[in-house]
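Next up is a structure, given as structure tokens.
Keep in mind it's a predicted model, so treat the numbers as computed, not measured.
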Amino acid sequence: MIALEHYGGGATPALEQTVSESIQTGFVEADLEMQPAEKVLLRQLAERVAALAALPVMHEKRELWRRHNRLEPTRPIIFCDPENGWNEIITERQLQCKTKIARRWEMNLRKEIFWGEVMGDDRPVEAIFNVPYTCTADDWGAEIRYHKPEQLGSYVWESPISDYATDLKRIHPLTFEIDWNVSRSCVDLASELFSGILTVRQKGTWWWSLGVTYPAVLLRGMANMYTDFRDYPEEIRQLFSIILEGHMKKLDYLEANNLLSLNNDGTYVGSGGYGYTGELPPSDFNGKVRCQDMWGFTESQESVGVSPKMYEEFIFPYEKPIMERFGLTCYGCCEPLHSRWNVVKHHHNLRRVSCSAWANLAKMAANLEDRFILSLKPNPAVLAVPNPDWEAIRTYLRNGIDNCRGCRLEIIMKDNHTLANHPEHAVEWVRIAQEEAGAR
């Protein structure tokens, strides 16, 4: 076991840590070289991951998630993913590998070890090493130019649809290309490296969200999208229709080519939570993964300022056909859903519902009761300061749990951009949350 004081304290490695990191490898052929000493180190780290995954407590955690996802009564489940805060937990002081692929894999393995040895939340460690596919970004037919002054900072972009009359004709349902050589080479390298230790699998995640408003914002711009509901209602519907068609054709292609992977295991699903369930895939599953064998997810956090009526008229009709393809579904991220719940609740096979820090928790608890998972997302800003107000954090968690009595509650700390260079913030938050949840 490595004590918490052995973490942090160095320069940031500036590695992408959000959920998008798991969608594709981001490597090219030249990135696949690895030094012999790096291979030795990665095998040693993999052995520690495998030992953690075999612990009885990990089996207990998996069963806890399965019961929770079946809507059985359990104590509140606690999960913490510091996202870009990982760059302040596992820093250049801890990372030893220098080549690109080895550094990425070292970070992934060290995160698993931290979760298993230090974090203290309910996330199980698995003796599995997933290798994503490498593919191009979704291409909607028009270039979206990003301007990002810092690697992990904010950015702006140039939206290609400045005039519907001239620019919309350039937009088409998305296309993408898979780099099969790099994708297979990564699997071969991982299989050789972790043979006898971890199960290596090529696992296509392919998307974080299948929502329609984020692509629309990238293509049209946030301010423009908001005014389009009034000024260009038919054009914004046409844009949403193109995006819907793009998502559906991508799903068709992935299904037809056996590129989907089950997410009924320790796969992150929705905007928080894990997919452990015996309800998927259904009994007619023959080994070729279809959307109906999986958890699906949409959200519309970009439309947070849109009225419930406009959401129902303009956005929901383009989300619904996507959700209808999946066996179980999740909805929502940072947008407060209490005002549009009467629409959202009609999504197909809805099981997990996000309750952001900006939602009315009492209303959401009354809406969801024990019929849906209430995925509570506390404000991550409370951990972004050098000296968090731990009593205020405890009070918030206690009140949240009290307000959700009778609900199927999970409490998820995520979206952290920084922990103020204090790795202990994540661990202390988990400790307090577990105490209030009755786990300690």
- Message: For R352, give me all partners under side chain to side chain donor-acceptor pair (under 3.5 Å), at least two apart in sequence or on another chain.
- Response: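 Counting only residues at least two positions away or on another chain, R352 forms a side chain to side chain donor-acceptor pair (under 3.5 Å) with N69, E410.
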- Report the residues that fulfil side chain to side chain donor-acceptor pair (under 3.5 Å) with K61, sequence neighbours left out, ordered by chain and then residue number.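 Side chain to side chain donor-acceptor pair (under 3.5 Å) list for K61, sorted by chain: empty.
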- Query: For residues 184-196, which residue pairs qualify under salt bridge (Lys or Arg N to Asp or Glu O under 4.0 Å), counting only residues two or more places apart or in two chains?
  - Reply: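 Listed once each, the pairs would be none.
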- Listed by chain and number, what are the side chain to side chain donor-acceptor pair (under 3.5 Å) partners of Y318, not counting sequence neighbours?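 Once residues adjacent in sequence are excluded, Y318 has no partner under the side chain to side chain donor-acceptor pair (under 3.5 Å) criterion.
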- Item | Partner residues of N257 under the side chain to side chain contact (heavy atoms under 4.5 Å, CB included) criterion, sequence neighbours left out |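 Applying side chain to side chain contact (heavy atoms under 4.5 Å, CB included) to N257 gives Y253, L259.
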- Are R103 and E38 ion-paired here, with the side-chain N under 4.0 Å from a carboxylate O?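 E38 and R103: not salt-bridged.
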- Identify whether the distance between the nearest side-chain nitrogen and carboxylate oxygen of D293 and K288 falls below 4.0 Å.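 Judged by the 4.0 Å cut-off on N to carboxylate O distance, D293 and K288 do not form a salt bridge.
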- Task: Quick one: list whatever passes side chain to side chain contact (heavy atoms under 4.5 Å, CB included) with S191, sequence neighbours left out.
- Result: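 Once residues adjacent in sequence are excluded, the partners of S191 under the side chain to side chain contact (heavy atoms under 4.5 Å, CB included) criterion are V187, V200.
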- Partners passing salt bridge (charged side-chain N to carboxylate O under 4.0 Å, His left out) against R325 (at least two apart in sequence or in another chain):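 Checked R325 against salt bridge (charged side-chain N to carboxylate O under 4.0 Å, His left out); matches are D252, E255.
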- Item | Contacts of S195 that satisfy side chain to side chain donor-acceptor pair (under 3.5 Å) - sequence neighbours left out |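 Applying side chain to side chain donor-acceptor pair (under 3.5 Å) to S195 gives none.
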- Message: Nearest 0.5 angstrom please: C135 SG to W180 CH2, how far?
- Response: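 With rounding to 0.5 Å, SG (C135) is 10.0 Å from CH2 (W180).
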- When you check the gap from the basic side-chain N to the acidic O, do R62 and E126 get nearer than 4.0 Å?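 Counted as a salt bridge, because a side-chain N and a carboxylate O are separated by less than 4.0 Å.
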- Task: Using the test side chain to side chain contact (heavy atoms under 4.5 Å, CB included), find all partners of D370 that sit at least two apart in sequence or belong to another chain.
- Result: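 Residues passing side chain to side chain contact (heavy atoms under 4.5 Å, CB included) with D370: R408.
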- Query: Sequence neighbours excluded, which residues qualify as ring-ring contact (aromatic ring centres under 6.0 Å, His included) partners of Y396?
  - Reply: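 Y396 satisfies ring-ring contact (aromatic ring centres under 6.0 Å, His included) with no other residue.
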- Task: List for me each residue that meets ring-ring contact (aromatic ring centres under 6.0 Å, His included) alongside Y311, sequence neighbours excluded, and say none if there are none.
- Result: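 For Y311, no residue satisfies ring-ring contact (aromatic ring centres under 6.0 Å, His included) once neighbours in sequence are set aside.
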- For H425, which residues count as a ring-ring contact (aromatic ring centres under 6.0 Å, His included) partner, sequence neighbours excluded?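 Checked H425 against ring-ring contact (aromatic ring centres under 6.0 Å, His included); matches are W390, H422.
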